[in-house]
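Chain naming here is simple, since letters A, B, ... match the order of the sequence lines and numbering starts at 1 in each.
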Amino acid sequence: MQNIQQSIRELVSQHYGQEIEPIVSRPEPQFGDVSSNVAMQLAKPLQKNPREIAEELAEMLTELDEVKDVSVAGPGFLNITLTDSVLVSMLDTHPMNSDKTVVIETNNPNPFKAMHIGHAYNAIIADTIANLIEREGNHVYRVSYHGDIGAHVGRSMYALLRYIDGDVKKLEEVSTDERNSFMSRMYAEGSRAYKEDEAAKPVIDELAKQSFTRQDPTYAHVYDTIFDWSFEEIALNMARLGNKPVEKKFLESDADARGVQIVRDHTPEVFEESDGALIFRGSDYGGFDNVFVASNGLGLYGARDVGLIALKREQYHPDISYIVTAEEQKAYFKGLLAAAAQIYPGEDGVTVNISHGTVKLSTGKMSSRTGDVIEISWLFDQIVDAMNDRGGTVRDDVAMGALRYAFLKVRVGGDVIFDVNESVSIQGNSGPYLQYAHARACSILAKSTVTIEQPTDCSFQPDERLLLRKVTEYSDVVERATQELMPHHICNYLYELSQEFNRFYEKNRVISDDRESVRLWLVETYRDTLADGLGLLGIPAPKTL
RNA sequence: GCACUCGUAGCUCAGUGGAUUAGAGCAUCUGUCUUCGGAACAGAGGGUCGUAGGUUCGAAUCCUACCGAGUGUACCA
């Protein structure tokens, strides 16, 4: 597509003396392979009828080797059909043309709390965006960031210390399977006590403060144990979600002291004092005025994020650093990033916040166990149940594909209404459907004994050409998804691609047909493209299902 | 109150300046079919693209107002 765009640009430059970027798109197959409204773009500067310009351009384009046919439609649209060999040449993978150092947070659940559905969504979006950036040729560092200190730790510790009642051995009685629900129960209990029990409040505040120092041996022991459990749980869930491992875990405790110091060093130039706290006037930058260091001298999340930016900067010297969060934090990040831009002049725009919506269940049913949050384990249980109901075998790679695809197929930014049954459905626009489509193509390839040949004469039959044409769109789709950081474009495309294959497959035999070797090549090309696309989405592409 | 996001078929969503029927999936209805994995294919019904103006040769897409939903709005993250 870029070649033809280039050709049009040159023609326009030569014949009309206009330097423009011709807009080209993919029309419906019946209209050709490429269409362009370049004549309309030229009509105004040239003071000429667009239809007339289109006719002239059509004549010139027909002369090109890569063009088979051109027609003019409507007010002056050009519909261009390319030769088959050009179509084949378009299959070449798109160039790796970027070489930046990129840091991206691909998960950030807090220890001492259960992982919920929002963590899963956040992690899947971020991991897939990381895949896209990596594909461009950039050096990507996946990192994570976790809150290991502060208020929520105090709440959990309150309930935990009461639970063990002086005997740390009691923790050993909690079996591996029960740990996650045990931890969320403890957190829920502590939270409730903080809200409802006046006497507990100061105790919890004190326990929260202790999370910074952890000097009491019993406290330290319980803390360390739950800390380890939490990270085992996080690692387990990340693997289950199909996320690639991170290179480094950053902790709030690492970032805290550093951030507080930086905020102090930049007061009053960047931050200012207000009611004893150090604040940043985010409202001047589309955010809101926010406290970074509290009046009691302790760092808040803002200060820690400043510290985290400093740590990432030292460790990786990133050209771009992505922080993927839910949209609730969008305004906060406007302020934070404006502050960071002042702390590090000339590095404005290095740190970028990508925000996404929240996940809601279509059934409206929430987790019964912990009240208001939906735990990841519960989510997987639902998927497994739905698979069982369908009578299919339950497989981890299919569950993973179902969940990732359901989350990724919607545009990043809006909310996701998650329907468990729809996600595992083998029919329709779902992960398992694509996995099935892949397995089916593999099966054909495995069955044939004929050698696969890339066609040399390049004359395809109409149905073959339709499939080939669809496959050639892949690199454009990947490019768009990468530029916009929008994985859903790939989902939509892969689904259309599979449909196109099914249409072909329905009407045309591959094995024991005269054109078997050419068609095998086509099936293989399709299969490889599908597998590559699924790979970018982090979805397994099984050979059998 | 102010700021940001969103409003497209019964439901869930693509499409965000370009046309020749505004597209998919689910759901509903009808066909094909002893298949290379039918977990398929073909087709039908279903839309004043929230409402009203405006800009443009051309608007679901841009602008304005209004209606409706969500989120944020300093010592939680």
Side-chain angles (χ1 to χ4, degrees), chain A residues 23 25 27-28 30-31 35-37 40-41 43-44 49-50 73-77 79 108 110 113 145 147 150-152 155 208 252 274-283 286-305 325-332 334-335 355 357-358 362 390-392 406 409-411 413-419 421-422 425-430 432-433 435-437 439-448 488-489 491-493 495-496 499 501-513 516 519-520 523 544-545:
Chain A
I23 295 169
S25 58
E28 297 282 299
Q30 72 235 40
F31 299 120
S35 71
S36 177
N37 63 353
M40 256 86 89
Q41 290 177 270
K44 211 161 225 177
N49 184 335
F77 293 98
N79 287 329
N108 52 25
N110 288 337
K113 276 167 115 171
Y145 182 48
H152 72 281
R155 285 160 211 218
E252 283 191 12
S274 172
D275 294 338
L278 301 183
I279 70 158
F280 181 74
R281 294 261 174 228
S283 55
F288 53 90
D289 297 348
N290 191 21
V291 173
F292 279 57
V293 176
S295 45
N296 63 8
L298 291 180
L300 297 174
Y301 57 93
R304 289 173 204 155
D305 276 327
T325 65
E327 65 175 346
E328 292 98 270
Q329 299 189 25
K330 204 173 176 178
Y332 159 67
K334 277 198 174 149
S355 68
T358 50
S362 61
R390 295 193 165 262
K409 75 174 172 179
V410 247
R411 192 182 177 84
D415 290 348
V416 177
I417 310 294
F418 182 73
D419 186 319
N421 287 314
E422 193 183 308
S425 168
I426 198 82
Q427 47 191 342
N429 194 355
S430 70
Y433 174 93
Q435 290 175 320
Y436 178 79
R440 185 189 230 182
C442 287
S443 164
I444 295 169
L445 292 169
K447 201 159 274 179
S448 175
H488 77 285
H489 290 305
C491 295
N492 287 335
Y493 167 77
Y495 182 63
E496 286 169 15
Q499 281 185 313
F501 173 71
N502 281 332
R503 249 170 251 144
F504 170 80
Y505 171 88
E506 185 75 14
K507 288 188 279 182
N508 304 279
R509 278 199 75 81
V510 175
I511 288 170
S512 72
D513 187 271
E516 179 165 354
R519 287 181 176 176
L520 280 174
V523 172
T544 57
L545 210 63

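The six-membered or imidazole ring of F31(A) lies away from that of F77(A), with a centre-to-centre distance of 6.0 Å or more.
At rA14(B), none of the side-chain N or O atoms of R411(A) fall inside 4.0 Å of OP1 or OP2 (strictly under the cut-off). Phosphate proximity of rG18(B) to Q41(A): absent, as no side-chain N or O sits under 4.0 Å from OP1 or OP2. Put simply, K409(A) has no side-chain N or O that comes within less than 4.0 Å of OP1 or OP2 on rU12(B).
Considering only the side chain of S35(A), rA19(B) comes nearest among rA14(B), rA19(B), rA40(B). The side chain of F77(A) sits closest to rG18(B) out of rG37(B), rG18(B), rA40(B). For R304(A), taking side-chain heavy atoms from C-beta onward, the closest of the listed nucleotides rA39(B), rA77(B), rG15(B) is rA77(B). Taking only side-chain atoms of Y505(A), from C-beta outward, the nucleotide of rU20(B), rG37(B), rC4(B) with the closest atom is rG37(B). Looking at the side chain of E252(A), the nearest of the listed nucleotides rA77(B), rC75(B), rU20(B) is rA77(B).
For the 3.5 Å distance criterion, the side chains of S25(A) and S35(A) qualify, holding a donor opposite an acceptor.
Side-chain atoms of N502(A) and base atoms of rA39(B) include no donor and acceptor less than 3.5 Å apart.
Whole-Å rounding puts the H488(A) NE2 to rA14(B) C1' distance at 7 Å. As a whole-Å value, the separation of Q499(A) CD from rG43(B) P is 12 Å. Between the P atom of rG15(B) and the CD atom of E496(A) lies a distance of 11 Å, rounded to the nearest Å. K507(A) has its NZ atom 15 Å from the C1' atom of rC33(B), to the nearest Å. To the nearest angstrom, P of rG18(B) lies 8 Å from CD1 of I23(A).
Annotated stems with RNA chain B as a participant read B:1-7 with B:67-73, B:10-13 with B:23-26, B:28-32 with B:40-44, B:50-54 with B:62-66, given as range with range, by first number; only runs of 3 or more Watson-Crick or G-U pairs under 3.5 Å qualify.
Annotation: rA27(B) and rC11(B) have their P atoms spaced 16 Å apart (nearest Å). When the P atom is compared between rC62(B) and rG43(B), the two are found 33 Å apart, to the nearest whole Å. Separation of the P atoms belonging to rU12(B) and rC75(B) is 36 Å when rounded to the nearest angstrom. Look at the C1' atom in both rC49(B) and rA9(B): the space between them is 10 Å, to the nearest Å. For the C1' atoms, the distance from rC41(B) to rU56(B) is 43 Å, rounded to whole Å. Atom C1' of rA44(B) sits at a distance of 32 Å from the matching atom of rU51(B), rounded to the whole Å. Comparing the C1' positions of rG15(B) and rU21(B) gives an interatomic distance of 16 Å, to the nearest angstrom. Distance noted for atom C1' between rA74(B) and rU55(B): 42 Å (whole Å).
If M40(A) and Y145(A) are placed on RNA chain B by their nearest nucleotide, the residue sitting closer to the 5' end is M40(A). Position along RNA chain B of the nearest nucleotide to F504(A) versus I417(A) favours I417(A) as the more 5'-ward residue.
Among the protein residues, R503(A) comes within range of the sugar-phosphate backbone only, with heavy atoms under 4.0 Å from sugar or phosphate atoms but none that close to a base. Within the nucleic acid shown, V410(A) comes within 4.0 Å of sugar-phosphate atoms alone, with no base atom in reach, counting heavy atoms only. Residue contacts for A43(A): at a heavy-atom cut-off of 4.0 Å it reaches no nucleic acid atom on any strand shown. At a threshold of 4.0 angstrom between heavy atoms, the contacts of H489(A) are confined to the sugar-phosphate backbone, with no base atom among them. When heavy atoms are screened at a 4.0 angstrom cut-off, N79(A) is found touching base atoms of the nucleic acid. Among the heavy atoms of the strands, none lies under 4.0 Å from S448(A). Among the atoms of the strands shown, none is found under 4.0 Å from any heavy atom of F280(A).
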When you compare the protein's N or O atoms with those of nucleotides 70-74 of chain B, which come within less than 3.5 Å of each other, and at what distance?
residue: rA74(B); atom: O4'; partner: D289(A); partner atom: O; Å: 2.9
residue: rA74(B); atom: N1; partner: S274(A); partner atom: OG; Å: 3.1

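Nearest heavy atom pair, residue S448(A) against residue E516(A), reads OG-OE2, 2.6 Å. Considering all non-hydrogen atoms of both residues, V293(A) and V291(A) come closest at O-CG1, 3.4 Å.
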